[in-house]
Amino acid sequence: MEIQSVKGTRDFYPEDMAKRNFIADLWKRVSLRNGFAEYDGPIFEYLAMYQLKSGDEIASQLFAFEDRGGRMLAIRPEITPTLARMVNQRINTLPRPIKWFSIPRLCRAERPQKGRLREFFQWNIDIIGVDDCLADAEVIFCSVDYLMQTGLTSDDVVVRISSRRLMAALLEYFGIEEQQLEKVYGVLDKKNKVPQETFEKMLEEVISDSSKRQKVQKLMAVESLGQLEDFTGADENANQAIEELKQLFNYLDIMGITEFCRFDIGIVRGLAYYTGIVFEIYDKSEQLRAICGGGRYDNLLADFGGQKISATGMGMGDCVLGIVLEEKGLFKNLSQKNGIEYFVALADESLQNELLKVVARLRRAGRKADFSYKGGSLGKQLKQASAVNAAMCVILGEEFTQKKQLVIKNMDSGQQDIVAVEDFFSRLG
RNA sequence: GUGGGAGUAGCUCAGCUGGUUAGAGCAUCAGAUUGUGGAUCUGAGGGUCGCGGGUUCGAAUCCCGUCUCUCACCCCA
């Protein structure tokens with residue numbers, strides 16, 4: 001019986017692995033240069049940890065199992081609860097601010113579709129212990145810094161930013177009851193995702209009072225921060241939230257990424273735990289789900305049994321990002337980058353042992369070196385060198401036998417140099 | 001979990017309303033070619049036509065089920 005791969009999983013052949021590594025290596029490099037330190041946790045945790053803050057729907061999308069000791073466990077669908085647990089355990093000794101990142105492999109038992117699989121990688125960055133929206137600005141900056149590094153520009157992607165705090169204040173100011181807020185958020189989050197008519201109908205279902213509904217509709221038509229002032233009146237909370245957004249955009253401007261960023265009142269985020277600034281980054285073609293999303297979650301650590309400490313962060317999965325980079329042709333020269341540096345070839349079979357010595361020396365000197373197992377004509381060996389994207393070929397022939405010289409061939413230009421063996425290796429350093 | 005579309009070689013696909021031994025291009029391997037590669041030419045290997053059942057003298061082709069992929073919905077940490 002032929003065994004097939006499991007639904008929603010991927011096999012990474014070397015060419016796929018090269019793309020995955022391109023994505024993940026850059027995640028790591030950008031995190032480090034933005035001052036984040038790497039952490040990781042176990043790939044499974046107690047099931048209860050994920051049920052704590054999630055509804056039944058989300059709990060049903062976990063890969064859960066019972067171990068031999070009767071413990072109910074689940075493969076991690078996200079790493080934030082693990083982060084909360086780890087930070088809470090050492091909260092009194094960790095120097096602040098806590099700036100951590102991780103690149104966990106996650107599993108969710110959802111139905112796969114475009115940009116969403118059952119197993120994927122997700123870059124997470126979090127800043128814990130900073131109230132100031134400068135931390136939110138840094139999270140956004142770091143995300144944009146990454147996307148720019150991949151070659152994407154403000155013509156390709158946009159950061160849409162809003163504030164849960166603002167929405168909460170205004171909805172309360174409009175007279176919407178607190179217990180209705182979650183439902184209303186759920187609808188508002190759809191604003192950019194469904195047709196205008198559908199949006200209005202959905203709104204009607206959660207806000208029956210027509211004068212309140214009208215206020216909300218008018219609010220959702222707002223397109224810039226400036227227009228917000230008309231709505232707030234003297235409401236202190238709302239005005240503070242607007243001030244915070246203005247400060248955030250000021251930071252983003254100073255850091256030079258303002259062209260990527262836009263205020264968008266339709267960004268609410270599905271999750272209940274967001275408390276302040278929220279944002280999502282989209283591909284401008286609008287055909288895909290969000291590339292990444294994040295925001296402030298000031299209550300989460302307390303919800304997981306710790307002190308109340310402010311936190312903000314974001315997550316970026318590899319699926320949508322991979323589609324975007326592929327579409328924009330940004331996986332360039334990966335086979336070249338991963339190719340062999342020196343392919344060592346024989347023009348004389350009696351030099352087999354000398355060839356192995358050269359290969360071994362190259363490898364010990366830290367160079368990517370390889371050779372042909374089966375040998376054959378020099379032509380065949382050069383052909384193999386091309387197949388593995390070798391940058392240079394080192395040829396051992398009569399020059400070696402007579403004068404201990406190597407032929408060094410540049411596979412790109414075809415140019416050849418003859419150098420003495422010891423000169424060659426001393427130049428390598 | 002609900003609904004639409006699709007499964008023929010590693011990949012992209014052809015295969016007429018059911019009728020010999022299921023094809024092509026690309027890729028792979030070998031040879032032309034034992035002192036110079038990417039090209040070209042020649043040849044070879046590779047398929048239980050996703051799987052199971054049904055209809056039929058006969059099924060890649062028609063029907064049912066199932067699995068997988070894919071798109072949308074739910075949800076989206």
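Just so you know, these numbers use all the heavy atoms, side chains as well, and skip hydrogens, waters and symmetry mates. So that the names make sense, note that chain A is the first sequence line, chain B the second, and so on, each numbered from 1.
- Comparing B:U12 with B:A6, their C1' atoms sit 15 Å apart, to the nearest whole Å.
- In this structure, NZ of A:Lys190 is placed 6 Å from P of B:C76, rounded to the nearest angstrom.
- Remark: P of B:C75 and CZ of A:Arg118 are 18 Å apart, rounded to the nearest angstrom.
- The backbone N or O of A:Tyr46 sits nowhere less than 3.5 Å from a side-chain atom of A:Arg71 that would complete a donor-acceptor pair.
- Taking atom CG on A:Asn124 and atom C1' on B:A77, their separation rounds to 10 Å, with Å as the unit.
- B:C11 is paired with B:G25 under the Watson-Crick or G-U wobble criterion, all donor-acceptor distances under 3.5 Å.
- Across the strands present, B:U68 finds its partner in B:A6; the criterion is a Watson-Crick or G-U wobble pair with both atom distances under 3.5 angstrom.
- Under the 4.5 Å side-chain criterion, counting only non-hydrogen atoms from C-beta, A:Arg96 is not in contact with A:Val130.
- Using modelled atom types, one finds a donor on one side chain and an acceptor on the other under 3.5 Å when comparing A:Asp126 with A:Tyr297.
- Donor-acceptor pairing under 3.5 Å, judged by distance alone, is present between the side chain of A:Arg108 and the base of B:A77.
- In this entry B:C73 has B:G1 as its Watson-Crick or G-U wobble partner, both defining distances falling under 3.5 Å.
- The distance between atom CG of A:Leu188 and atom C1' of B:C76, rounded to the nearest whole Å, is 17 Å.
- The nearest whole Å value for the distance from the CZ atom in A:Arg296 to the C1' atom in B:A77 is 19 Å.
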When every nucleotide of nucleotides 35-44 of chain B is labelled 5' to 3' by its protein contacts under 4.0 Å (heavy atoms), B for base, S for sugar-phosphate only, - for none, what sequence of letters results? BBBB------
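- Contact check for A:Cys292 versus A:Tyr146: no side-chain heavy atoms found under the 4.5 Å cut-off.
- Taking the side chain as every heavy atom from C-beta outward, A:Arg296 and A:Arg164 never approach each other to under 4.5 Å.
- A heavy-atom distance below 4.5 Å is found between the side chains of A:Val344 and A:Leu396.
- B:A24 and B:G46: their C1' atoms are spaced 15 Å apart (whole Å).
- The base-pairing partner of B:G58, taking Watson-Crick or G-U wobble contacts with both distances under 3.5 Å, does not exist among the strands shown.
- Across the C1' atoms, B:C62 and B:C49 are found 15 Å apart, a figure rounded to whole Å.
- Residue A:Leu252 is tested with A:Val159, A:Ile161, A:Val144 for a side-chain contact (heavy atoms from CB on, under 4.5 Å); the sole match is A:Ile161.
- When the P atom is used for both B:G15 and B:C76, the distance is 44 Å, rounded to whole Å.
- Judged purely by distance below 3.5 Å, without hydrogens or angles, the side chains of A:Arg269 and A:Tyr274 pair a donor atom with an acceptor atom.
- Annotation: B:C75 and B:U2 have their C1' atoms spaced 13 Å apart (nearest Å).
- Residue-level contact check: A:Gln122 touches neither bases nor backbone, having no heavy atom under 4.0 Å from any strand.
- Rounded to the nearest Å, the gap between the P atom of B:C51 and that of B:C67 is 16 Å.
- B:G31 is paired with B:C41 under the criterion used here, namely a Watson-Crick or G-U wobble arrangement in which both key atom distances are under 3.5 Å.
- Side chains of A:Val187 and A:Val184 form no contact here, defined as non-hydrogen atoms less than 4.5 Å apart.
- Of the P atoms belonging to B:U8 and B:G47, the separation is 15 Å, rounded to the nearest Å.
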Quick one: what's the B/S/- string for nucleotides 67-72 of chain B, heavy-atom cutoff under 4.0 Å, read 5' to 3'? SSS-SS
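- Side-chain contact between A:Ser162 and A:Val268 is absent, with no heavy-atom pair separated by less than 4.5 Å.
- Mapping A:Glu349 and A:Val194 onto RNA chain B by nearest heavy atom places A:Glu349 at the nucleotide closer to the 5' end.
- Atom pair A:Met202:CE and B:C74:P shows a separation of 7 Å (rounding to whole Å applied).
- Residue contacts for A:Arg116: at a heavy-atom cut-off of 4.0 Å it reaches a base atom on one of the strands shown.
- Among the candidates A:Arg20, A:Arg116, A:Arg10, A:Arg105, the single residue satisfying the salt bridge (charged side-chain N to carboxylate O under 4.0 Å, His left out) test with A:Asp318 is A:Arg10.
- Residue-level contact check: A:Lys374 touches the backbone only, with heavy atoms under 4.0 Å from sugar-phosphate atoms and none from bases.
- A straight line from CE of A:Met316 to C1' of B:A77 spans 16 Å, rounded to a whole angstrom.
- The separation between A:Tyr185 atom OH and B:C76 atom C1' is 18 Å, rounded to whole Å.
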